[in-house]
**Student:** 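My structure is below; once you've seen it, I'll send some questions.
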Amino acid sequence: QVQLVEAGGGLVQAGGSLRLSCAVSGRTLSSYAVGWFRQAPGKEREFVAAISRSGGSTNYADSVKGRFTISRDNAKNTVYLQMNVLKAEDTAVYYCAAARSNSVAPRLGAYDYWGQGTQVTVSS
């Protein structure tokens with residue numbers, strides 16, 4: 001059983017930064033590609049970023065390119081999402097998800113395991 005636990009969310013002013021972490025337990029992180037998704041109130045869950053098993057391949061939503069960076073430390077079984085120049089429209093619950101395939105696809109269905117989410121609120 002794979003478990004994912006997100007941390008690092010909070011309240012930040014527009015223009016600020018946050019770093020989210022996703023700790024994976026139950027299996028070795030290097031067995032999975034990992035993605036970050038977010039869901040704002042009243043909206044569908046949307047893709048943010050993904051990283052392959054080795055970290056050699058990444059994928060970003062257009063809305064976060066140049067501002068967010070996904071990375072991973074397989075030795076620590078943790079994936080990170082560094083979020084800079086945050087905007088009010090980045091406010092959402094952020095989820096990490098693990099994929100058995102080595103896919104960085106932006107589709108929810110490509111991911112097999114999900115965390116419970118962490119709230120990010122950006123005040124304008």
**Student:** Side-chain donor-acceptor pair under 3.5 Å between Asn84 and Ser17, yes or no?
**Tutor:** yes

**Student:** Flag yes if Met83 and Phe47 sit in one hydrophobic cluster, no otherwise; membership is Ile, Leu, Val, Met, Phe, Trp, Tyr, and two members link when side-chain heavy atoms are under 4.5 Å apart.
**Tutor:** no

**Student:** Without hydrogens or angle criteria, can the side chains of Arg100 and Tyr113 be said to hold a donor-acceptor pair below 3.5 Å?
**Tutor:** yes

**Student:** Would you say the side-chain atoms of Ser103 pair up with the backbone N or O of Ser101, donor to acceptor, closer than 3.5 Å?
**Tutor:** no

**Student:** Could you tell me the separation between the NZ atom of Lys76 and the OG atom of Ser21, rounded to the nearest 0.5 Å?
**Tutor:**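 That separation rounds to 11.0 Å.
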
**Student:** Within a strict 4.5 Å, meaning less than it, do heavy atoms of the Arg45 and Arg38 side chains meet?
**Tutor:** no

**Student:** Could you label the plane-to-plane angle of the Trp114 and Phe37 rings as parallel, tilted or perpendicular, counting under 30° as parallel and over 60° as perpendicular?
**Tutor:**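 Because their plane-to-plane angle lies in the 30° to 60° range, the rings of Trp114 and Phe37 count as tilted.
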
**Student:** For the residue pair Trp36 and Ile51, establish whether any side-chain heavy-atom pair is separated by less than 4.5 Å.
**Tutor:**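 When only atoms from C-beta onward are counted, Ile51 and Trp36 do not touch, as no gap falls below 4.5 Å.
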
**Student:** For residues Leu20 and Glu6, determine if any side-chain heavy atom of one lies less than 4.5 Å from a side-chain heavy atom of the other.
**Tutor:**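 The answer is no; the side chains never approach within 4.5 Å.
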
**Student:** I'd like to know if Asp62 pairs up with Lys65 as an ion pair, taking the criterion as any Lys NZ or Arg NE/NH1/NH2 lying under 4.0 Å from an Asp or Glu carboxylate oxygen.
**Tutor:**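 Salt bridge: yes.
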
**Student:** Answer yes or no: is there a side-chain heavy-atom contact under 4.5 Å between Val120 and Leu18?
**Tutor:** yes

**Student:** Going by ring-ring contact (aromatic ring centres under 6.0 Å, His included), name the pairs with one or both residues in residues 65-94, residues two or more places apart or in two chains.
**Tutor:** none

**Student:** Between the main-chain N or O of Ala7 and the side-chain N or O of Thr118, is there a donor-acceptor pair closer than 3.5 Å?
**Tutor:** no

**Student:** Keeping the roles fixed (side chain from Asn74, backbone from Leu29), state whether a donor-acceptor pair exists under 3.5 Å.
**Tutor:** no

**Student:** Do Tyr111 and Val64 sit in one hydrophobic cluster, given that two such residues count as connected whenever their side-chain heavy atoms are within less than 4.5 Å of each other, even indirectly?
**Tutor:**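 In one cluster with Tyr111: Val64, no.
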
**Student:** With rounding to the nearest 0.5 angstrom, report the CZ to OG distance, Arg19 to Ser71.
**Tutor:** 7.0 Å

**Student:** Kindly indicate whether the side chain of Thr69, heavy atoms from C-beta on, has any atom under 4.5 Å from the side chain of Leu81.
**Tutor:** no

**Student:** Taking all heavy atoms of Val104 and all of Ser57, pick out the closest pair and write down the distance.
**Tutor:**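 Minimum heavy-atom contact is CG1-O, 3.8 Å.
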
**Student:** Return the minimal non-hydrogen interatomic distance between Ser124 and Ala14, and the atom names on each side.
**Tutor:**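 For Ser124 versus Ala14, the nearest heavy atoms are CA-CB, 4.2 Å.
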
**Student:** Would you check if Cys96 and Gln116 make a side-chain contact, meaning some heavy-atom pair closer than 4.5 Å?
**Tutor:**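 A side-chain contact is absent here, since even the closest heavy-atom pair is not under 4.5 Å.
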
**Student:** Donor-acceptor check, side chain of Tyr32 to backbone of Arg27, threshold 3.5 angstrom: yes or no?
**Tutor:** no

**Student:** Is a donor on one side and an acceptor on the other found under 3.5 Å between the side chain of Asn102 and the backbone of Ser52?
**Tutor:**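 Side chain of Asn102 to backbone of Ser52: no pair is present.
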
**Student:** Please round to the nearest 0.5 Å and tell me the distance separating atom CD of Glu89 and atom OG of Ser63.
**Tutor:** 9.0 Å

**Student:** Could you tell me which residues satisfy side chain to side chain donor-acceptor pair (under 3.5 Å) with Thr121, sequence neighbours excluded, listed by chain and number?
**Tutor:**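 Applying side chain to side chain donor-acceptor pair (under 3.5 Å) to Thr121 gives Gln119.
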
**Student:** Any donor-acceptor pair under 3.5 Å linking the side chain of Arg53 with the backbone of Ala33?
**Tutor:** no

**Student:** Within the structure provided, determine whether Val48 and Tyr60 are in side-chain contact (heavy-atom separation under 4.5 Å).
**Tutor:**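 Sidechains of Tyr60 and Val48: no contact.
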
**Student:** Just by distance, do the side chain of Asn77 and the backbone of Val24 share a donor-acceptor pair under 3.5 Å?
**Tutor:**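 Yes, the answer is positive, given that a donor and an acceptor are paired below the 3.5 Å cut-off.
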
**Student:** Report whether Tyr95 and Leu4 are members of the same hydrophobic cluster (ILVMFWY, side-chain heavy atoms less than 4.5 Å apart, transitive linking).
**Tutor:**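 The answer is no; the residues belong to distinct hydrophobic clusters.
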
**Student:** Does Ile70 reach the side chain of Gln82, with side-chain heavy atoms less than 4.5 Å apart?
**Tutor:** no

**Student:** Got a sec, which residues hit side chain to side chain donor-acceptor pair (under 3.5 Å) with Thr28, two or more places apart in sequence or on another chain?
**Tutor:** none

